[in-house]
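Contents: one structure, followed by commentary.
Since this is a predicted model, take the numbers as computed values, not measurements. We count ligands from 1, going down the list as the structure has it; atoms in each ligand are counted the same way. Computation of the quantities below employed the complete heavy-atom set of this structure, encompassing side-chain atoms and omitting hydrogens, waters and symmetry-equivalent molecules.
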Amino acid sequence: MGSRLISIVVPVYNEADSLDGLIAEIRDVAARDGLEVEVILVDDGSRDASWEKIVSLAQSVQGIGGLRFRRNCGKAAALMAGFAAARGDVVFMMDADMQDPPEEMPRLLAKLDEGFDLVSGWKRIRHDPWHKVYPSRVFNKMIGWLTGVRLHDHVCGFKVMRREVAKDLRIYGEFHRFIAVFSAARGYHVTEIPTLHRARTRGVGKYGFTRFFKGFLDLLTVTVLTRYRWRPQHAIGVAGVAIVLLSVLLPLLAWFSGRMSWALSGLHLGWPFQTTRGLLAMLAWPVMILTPGLVLIAIGLVAELMVAQRPPDRLYEVIEKAGWCADIEPAQD
Ligand code: UDP
Ligand code: MG
């Protein structure tokens with residue numbers, strides 16, 4: 001491919017200490033591989049000196065642009081602002097913390113050129129604490145089961161996509177974890193390749209332990225939004241029907257097995273005939289206890305469907321621009 005423009009979107013939240021190094025590495029790779037790049041640093045309401053850093057980088061380095069949010073709106077909103085501004089034929093997303101080495105960009109690009117629309121990084125050898133690594137494996141497996149999009153590392157912040165994929169995304173909340181799922185649901189060809197990963201040496205991680213609970217609930221939402229968007233009752237109602245059936249069937253079976261064991265007792269049949277009744281009666285309890293929880297989750301899903309129907313008006317508000325981004329009017333919908 002001739003000289004195509006590559007946009008690199010970087011969400012920035014309190015990452016002042018990483019930005020110099022990140023830009024230096026991006027420039028090294030671009031120079032070495034002859035890539036034409038533009039960078040969009042999106043300051044997601046940082047409270048440290050990130051914005052001052054972005055402004056000074058935008059003044060001294062060509063191709064650096066910055067957008068600043070009034071407040072912290074989340075990584076998904078930061079990515080959306082960056083994607084809206086991007087002018088490239090190909091768009092990267094990359095974390096600001098330098099955990100994703102820019103030197104992997106040419107490999108991701110080469111994979112994209114094999115004919116994919118989105119290539120995700122995969123932190124195969126991951127330098128994060130164990131309490132992040134293991135739950136994340138389970139989470140990725142669950143995403144694969146529920147959505148049918150099987151990647152090892154959906155959450156990886158290092159991805160490259162064709163321009164139209166980035167422009168088609170409508171992510172908000174914490175849906176940045178499901179970019180591959182949304183893109184695949186639109187019919188884009190999605191894949192992953194193992195990429196190098198480094199430990200965070202500057203700044204601190206932004207997501208605590210609750211990420212897995214939120215991530216799990218979001219997974220249910222994303223599954224409904226991508227697979228059941230036009231037939232939500234097939235997801236929510238089927239769970240309801242299962243509960244109704246269980247609550248009718250279990251007591252009935254318990255009663256029936258009670259009569260059976262009485263009839264069969266003369267034959268001195270041991271377990272399971274004598275215990276089935278108790279077992280089934282016991283099973284009825286979890287059904288009753290689970291039901292209120294499932295009802296709450298179902299209500300939550302309905303709320304999510306309402307939000308998804310019309311993306312929130314003000315996902316973010318850009319209050320300052322720097323570098324080449326000063327000239328653009330980021331689209332917002
Ligand atoms: N980030 C952001 N807004 C937020 C939280 C995080 O823009 O509200 C950025 C953050 O600065 C970093 C990226 O998202 O560039 C990933 O964050 P982090 O490294 O904390 O996530 P982890 O690597 O722990 O998944
Ligand atoms: Mg990180």
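- A salt bridge does not link Glu104 to Arg124: none of the charged nitrogens lies less than 4.0 Å from a carboxylate oxygen.
- Just one residue in the list Arg47, Lys75, Lys206, Arg202 forms a salt bridge (charged side-chain N to carboxylate O under 4.0 Å, His left out) with Glu15, and that residue is Lys206.
- Ring-plane geometry between Phe175 and Tyr172 is classed as tilted, the angle between the planes lying from 30 to 60 degrees on a 0 to 90 degree scale.
- Summary: OD2 is the N/O/S atom of Asp97 found nearest to the Mg ion (ligand 2).
- With respect to the salt-bridge test (charged N to carboxylate O, under 4.0 angstrom), the residues Arg200 and Asp95 do not qualify.
- Within 4.0 Å of ligand 1, protein heavy atoms belong to Pro11, Val12, Tyr13, Glu15, Asp44, Asn72, Gly74, Lys75, Asp95, Ala96, Asp97, Gln99, Lys132, Arg200, Gly205, Lys206, Tyr207, Arg211, listed by chain and number.
- At least one cation-pi condition fails for Arg211 and Phe139: the charged atom is not both under 6.0 angstrom from the six-membered ring centre and inside a 45 degree cone around its axis.
- The pair Lys111-Glu114 counts as a salt bridge, with a side-chain nitrogen and a carboxylate oxygen less than 4.0 angstrom apart.
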